[in-house]
Amino acid sequence: MMTIPEYLIWTIWLLPFAAFALTWIIGWIKKDSPSSPYVIVATIASLALSVWALISVMQHGNVATSSVQWLEIGALDVSFALELSPLSTIMLLVVNFISLMVQIFSMGYMKGDPAYRRYYSFIALFTFSMLGLVLSDSLLVLFMCWELVGLCSYLLIGFWFYKPSAASAAKKAFLITRIGDLGILAALIMLFNATGTFNIEALITLAGAGAIGATVLTWACLGLFLGAMGKSAQFPLHIWLPDAMEGPTPVSALIHAATMVAAGVFLVARTYPLFEAVPTTLTVVAWVGGFTAIFAATIALVMQDVKKVLAYSTISQLGYMFVGLAFGGVAVGMFHLFTHAFFKALLFMGAGSLSHAVDSFDMRQMGGMKKAMPKTYWTFLIGSLSLAGIWPLAGFFSKEGILGSALDGQPVLFVILLITAGLTAFYMFRVIFKVFFGKYHGDKHLHESPAVMIFPLICLALLAVFVGWVNCNNWFSGFIGNAESQSFLAGLFGALAHPLAWGSLLAAGIGIFVAFAIYKFRWILEDKIAAKVPWLYNLLFRKYYMDELIQDRINNDALLNGTFRGFAFVDSHIVDGAVNGVGKISSGLGSMLRKGQHGQVSFYGLITVLSIIAIALVMMVVK
């Protein structure tokens, strides 16, 4: 198969933007025109080209690049550089496929919404931004797309902006992730100051040759990771993600499960050789990821909102990915990102299917929904089993790689991740038993979702089962990294010959059994457990009081209030005063000069003569 032409690399990226523009233009001309077809067709075309790009890179084993000069000022040469590499082609498939599934699902979920066109245009703009992020070979262009992704997240979280909770969640997400973005900006400045280039491959080459000082590289990598922490919701910058569930549920599947939140993991993977050059930074990545994994998993144990459970699960699994990157390398961390995208998008869309029936995400208003919604139940069960890491589903294979690398790299983190695996299985089956079994507690008529919503669930459920098998022969690890191939059957069944696999399966089995005991067999009730250890239950239910510490503390703490009042004084009297002062001075000077502009030629001649005399006198003094 021929190598993909250079112009088609740009086409992959620009097709969603064309759909975004077309949706607004046609909608402006004809108000009642459909919007979803343009976006869906563009995404299908971009996905087809992405498959071609993947096959091309697989067959030819080369990295294709395309560059268009954007800015040249002296020695500064900034280009829009796109790169097709094994890493970027994998991400192209994930972003385009999940986006397509979300768009199809949304045709049923968002049907009748008065802002239907605006919704699809935002989805198209997000897809364009995310594709640019994964294709970019320039840190500056990557950062621009990174910020566009943040903008789209803000627009989609606050899509129902007339709801105060949605507007607040959008602002919270935007502000918290900006903290991390300052880290990336600082890293860009440091790296450019040290090297004079934004090109990622050039930076990697210079770092490998020792041309970047260790101190600069360390702080730059920590800055990049701070940005990754914000976008991928790692402690303590995680607090925006659960609130982001205020957006439409398909948005949660696209942005907050499969793509946007994975951007931080991708950033570390894309710049991984920089981190390798200063191993201390990888230690920081591992411990932040490991702590976040178990921290978020414990909170998910007590959430009553299905989407909140999935949100904290996502935070936990992103922590897993960072540990995989730190100890196992790019292939290990990215493989879990790859499998997680499909089964977590499935679970979020499953939650959307449930909400479509009962108009709520509160599990206390559900129960007994298995019989009325069998397709939703079976697909949700498959997604839960995959997330729990049950063999032979996709999640098992990607989690095993991370657990194995953690065992070799840091036994303490291995134990933390093993406990997290048990907690993950428990809270997912807690959801299953509370939602699909027992007595129905709602007042809505239960019904299965329409076919347009079930179709993406079935597609994603199949992938949640089989997509992990692509690495049974080490194809994924060899494509992204440098692993040697092996027999497919050896990979599929050979994993069970390792004690590690049985250890992780045992942890997941214990979690499932405890969920059975509490929510199915009802040997002990959840309320009684909460009554016996109310301090622990409240600690988890209040999310370790992180929202209070970060938000309410600002509102209630006198010292902080005084500090912010001080900042407000400086801002209004010094910063604004300086700007306004310059404006007043300019206005005053303009008024004075305007008086001399009265059109008398003789006056202008006098001014010219006096100016020449003044210049001559100055020159004489200088000499």
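Residues: numbered from 1 along the sequence shown.
- Rounding to the nearest 0.5 Å places CZ of Phe479 at 11.5 Å from CE of Met334.
- In this structure, Thr218 contributes its side chain and Ala214 its backbone to a donor-acceptor pair below 3.5 Å.
- Shown here for Cys459 and Met101, the closest heavy-atom pair between the two residues is CB-SD, 3.9 Å.
- Distance check: Ile294 CD1 to Leu423 CG gives 6.0 Å after rounding to the nearest 0.5 Å.
- Residues Trp475 and Met58 meet the side-chain proximity criterion, which asks for heavy atoms closer than 4.5 Å.
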| said: Would Asp137 and Asn199 count as a side chain to side chain contact (heavy atoms under 4.5 Å, CB included) here? Give the steps. | reply: CA-CA 6 Å; Asp137 192 34; Asn199 185 271; 3.1 Å; yes
| task | Decide yes or no on ring-ring contact (aromatic ring centres under 6.0 Å, His included) for Phe20 and Phe17, but give the supporting numbers first. | result | CA-CA 5 Å; Phe20 163 75; Phe17 184 80; 5.7 Å; yes
| query | When you look at Lys344 and Ser313, which way does the side chain to side chain contact (heavy atoms under 4.5 Å, CB included) test go after all the steps? | reply | CA-CA 9 Å; Lys344 186 56 67 68; Ser313 173; 3.1 Å; yes
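- In summary, the side chains of Thr205 and Glu201 do not present any donor paired with an acceptor at a separation below 3.5 Å, with no hydrogens or angles considered.
- Between Leu87 and Phe266, some side-chain heavy-atom pair lies under the 4.5 Å cut-off.
- Expressed to the nearest 0.5 Å, how far CG of Leu413 lies from CG of Leu403 amounts to 11.0 Å.
- No side-chain heavy atom of Tyr120 sits less than 4.5 Å from a side-chain heavy atom of Tyr38.
- Distance CG/Asp181 to CG/Leu175: 11.0 Å, rounded to 0.5 Å.
- At least one donor-acceptor pair closer than 3.5 Å links the side chain of Ser386 to the backbone N or O of Ala464.
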| request: Test side-chain hydrogen bond (donor to acceptor under 3.5 Å, both in side chains) on Tyr154 and Thr177 and set out the steps. | output: CA-CA 10 Å; Tyr154 170 79; Thr177 53; over 6 Å; no
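- Here the shortest heavy-atom pairing between Pro250 and Val102 reads O-CG1, 3.5 Å.
- With Lys231 contributing its side chain and Leu267 its backbone, the two residues share no donor-acceptor pair below 3.5 Å.
- No more than 12 heavy atoms of other residues, nucleotides or ligands lie within 6.0 Å of CH2 in Trp219, so this atom counts as exposed by the packing criterion.
- With contacts defined as side-chain heavy-atom distances shorter than 4.5 Å, the pair Val332/Phe327 does not qualify.
- The existence of a salt bridge linking Arg270 and Glu83 is confirmed by a sub-4.0 Å separation between a basic side-chain nitrogen and an acidic carboxylate oxygen.
- The shortest non-hydrogen separation linking Ala228 to Gly264 is CB-O, 3.4 Å.
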| query | Run the side chain to side chain contact (heavy atoms under 4.5 Å, CB included) check on Ile123 and Leu156 step by step: do they pass? | reply | CA-CA 8 Å; Ile123 290 288; Leu156 286 165; 4.3 Å; yes
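- Looking only at atom types and distance, the side chain of Asn473 has no donor-acceptor partner in the side chain of Ser485 under 3.5 Å away.
- Looking at Leu47 and Leu93, their side chains come closer than 4.5 Å, going by heavy atoms from C-beta outward.
- Although no hydrogens or angles enter the test, the distance criterion places a donor-acceptor pair under 3.5 Å between the side chain of Ser46 and the main chain of Ile12.
- In this structure a side-chain-to-backbone donor-acceptor pair under 3.5 Å is present from Trp13 to Phe128.
- Between the Tyr272 side chain and the Leu325 main chain, a donor and an acceptor come within less than 3.5 Å of each other.
- Across all their heavy atoms, Thr197 and Leu203 have their closest contact at O-CD2, 3.8 Å.
- Rounded to the nearest 0.5 Å, atoms NZ (Lys399) and OG1 (Thr424) are 4.0 Å apart.
- By the 30° and 60° cut-offs, the orientation of the rings of His336 relative to Tyr320 is tilted.
- Closest approach of Val285 to Phe275, counting heavy atoms only: CG2-CE2, 4.2 Å.
- Contact of the Trp240 side chain with the Phe174 side chain is not registered, since no non-hydrogen atoms from C-beta on lie closer than 4.5 Å.
- For the pair Asn96 and Leu100, the minimum side-chain heavy-atom distance is 4.5 Å or more.
- The closest donor-acceptor contact from the side chain of Ser504 to the backbone of Ala501 lies under 3.5 Å.
- Of the possible donor and acceptor atoms, one in the side chain of Ser88 sits under 3.5 Å from a partner among the backbone N and O of Ser85.
- Side-chain N or O atoms of Trp391 include one that pairs as donor or acceptor with a backbone N or O of Leu492 at under 3.5 Å.
- At a threshold of 4.5 Å between non-hydrogen side-chain atoms, the residues Pro236 and Met546 count as touching.
- For CZ of Phe295, the number of neighbouring non-hydrogen atoms (other residues, nucleotides, ligands) closer than 6.0 Å is greater than 12.
- A side-chain donor-acceptor contact under 3.5 Å links Ser129 to the backbone of Leu125.
- Across all their heavy atoms, Leu226 and Gly183 have their closest contact at CD2-CA, 3.9 Å.
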| field | Test side chain to side chain contact (heavy atoms under 4.5 Å, CB included) applied to Ile44 and Val41, step by step | value | CA-CA 5 Å; Ile44 291 174; Val41 169; 5.6 Å; no
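- Side-chain rings of Phe322 and Phe225 approach one another, their centers coming within less than 6.0 Å.
- Atom CZ of Phe143 is separated from atom CG of Leu140 by 8.5 Å, given to the nearest 0.5 angstrom.
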